[in-house]
Amino acid sequence: MTQTCEPATTPVLGDQVVPGGECPEVASLVAPYLRIIRSALPPAEAERFFAEALDAHEEERRRDGALQLGFSAYLWDGLGDGWGGTLAHTSAWEAMQAVRHLVRKAPRADLGAYLRLGLRLVRELGAGAPGRAPLTVGA
């Protein structure tokens, strides 16, 4: 992906999925994945998922330049042993990996900004599909 736009100096007015200073091109590609996470998980679990992802991102940044396990390992560890057994968990996990991959391809994009945005949207809007019964992977 080639990022063609210059960094924005102000948020795009009326657009909830463009963090301040971010390129709308990147945001348009990341937004669907944020919605997948928000709709796949119950509100409390989605909030925890974004919070743990933000912690994992910050841990990876703290260890920049040193030997480390990386974002995915820190996220998995932060989510704990009960994570990963449902299709909703798998969907949210894969969406987060896509967000991270897209942001890494755009040199000026900030993963932390998108994670904070996802966390804010979950807190403000709740989950997109409350009450969905989790389906166990392999069921």
Side-chain angles (χ1 to χ4, degrees):
M1 178 178 91
T2 302
Q3 186 176 358
T4 58
C5 64
E6 292 300 315
T9 57
T10 60
V12 176
L13 298 177
D15 191 338
Q16 291 184 315
V17 297
V18 182
E22 287 293 323
C23 173
E25 177 188 8
V26 176
S28 70
L29 297 171
V30 169
Y33 294 107
L34 296 178
R35 285 192 291 274
I36 288 169
I37 295 167
R38 190 173 64 87
S39 66
L41 301 173
E45 198 169 18
E47 183 175 344
R48 179 174 166 257
F49 184 73
F50 278 113
E52 292 293 344
L54 188 56
D55 289 347
H57 170 64
E58 290 170 355
E59 181 67 21
E60 184 179 51
R61 289 183 67 178
R62 273 193 296 276
R63 295 178 183 226
D64 189 34
L67 290 176
Q68 61 170 303
L69 297 173
F71 174 83
S72 295
Y74 302 136
L75 177 56
W76 190 264
D77 189 50
L79 292 169
D81 293 335
W83 180 264
T86 68
L87 293 176
H89 287 177
T90 301
S91 180
W93 180 268
E94 293 301 328
M96 181 60 67
Q97 298 308 310
V99 167
R100 185 163 177 269
H101 185 71
L102 287 168
V103 170
R104 287 179 69 171
K105 293 285 186 177
R108 293 180 300 269
D110 177 14
L111 179 60
Y114 288 105
L115 297 176
R116 286 187 292 278
L117 173 65
L119 187 57
R120 190 191 83 211
L121 291 175
V122 166
R123 288 176 176 162
E124 290 176 3
L125 305 174
R132 182 185 306 187
L135 297 174
T136 304
V137 175

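The nearest pair of heavy atoms linking Met96 to Leu75 is CG-CD2, 4.1 Å. Here the closest heavy-atom approach between residue Gln68 and residue Arg63 is recorded as NE2-O, 3.4 Å. Here the closest heavy-atom approach between residue Ala40 and residue Ala88 is recorded as O-CB, 3.2 Å.
With hydrogens and angles ignored, the 3.5 Å screen pairs a side-chain donor or acceptor of Arg48 with a backbone N or O of Leu79. Ser91 contributes no side-chain N or O that, together with a main-chain N or O of Leu87, makes up a donor-acceptor pair within less than 3.5 Å.
With sequence neighbours excluded, the residues satisfying ring-ring contact (aromatic ring centres under 6.0 Å, His included) with His89 are Trp83.
Applying the salt bridge (Lys or Arg N to Asp or Glu O under 4.0 Å) definition to pairs two or more places apart or across chains, none involves residues 77-93.
Side-chain heavy atoms closer than 4.5 Å link hydrophobic residues (I, L, V, M, F, W, Y) into clusters, and following such links, possibly through other members, connects Leu125 to Leu117.
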Step by step, would you call Asp110 with Arg116 a salt bridge (charged side-chain N to carboxylate O under 4.0 Å, His left out)? CA-CA 10 Å; Asp110 177 14; Arg116 286 187 292 278; 3.6 Å; yes
If you apply the rule side chain to side chain contact (heavy atoms under 4.5 Å, CB included), what do you find for Phe49 with Val122, and how did you get there? CA-CA 10 Å; Phe49 184 73; Val122 166; over 6 Å; no
Would Glu59 and Arg62 count as a salt bridge (charged side-chain N to carboxylate O under 4.0 Å, His left out) here? Give the steps. CA-CA 5 Å; Glu59 181 67 21; Arg62 273 193 296 276; 2.6 Å; yes
When you look at Lys105 and Leu102, which way does the side chain to side chain contact (heavy atoms under 4.5 Å, CB included) test go after all the steps? CA-CA 5 Å; Lys105 293 285 186 177; Leu102 287 168; 5.9 Å; no
Could you walk me through whether Phe50 and Leu121 pass the side chain to side chain contact (heavy atoms under 4.5 Å, CB included) test, one step at a time? CA-CA 10 Å; Phe50 278 113; Leu121 291 175; over 6 Å; no
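At a threshold of 4.5 Å between non-hydrogen side-chain atoms, the residues His57 and Arg61 count as touching. Two residues are said to be in side-chain contact when any heavy atoms from C-beta on lie closer than 4.5 Å; Ile37 and Trp93 fail this criterion.
Within a 6.0 Å radius of OH in Tyr74, more than 12 heavy atoms belonging to other residues, nucleotides or ligands are found.
Note that the CZ atom of Arg120 and the CG atom of Leu34 stand 11.0 Å from one another [nearest 0.5 Å]. Rounding to the nearest 0.5 Å gives a distance of 11.0 Å between CD of Glu52 and CG of Leu119. Atom-to-atom distance recorded for Ile36:CD1 and Leu41:CG is 11.0 Å, nearest 0.5 angstrom.
Comment: Glu60 engages Arg100 in a salt bridge, judged by a side-chain N to carboxylate O separation of less than 4.0 angstrom.
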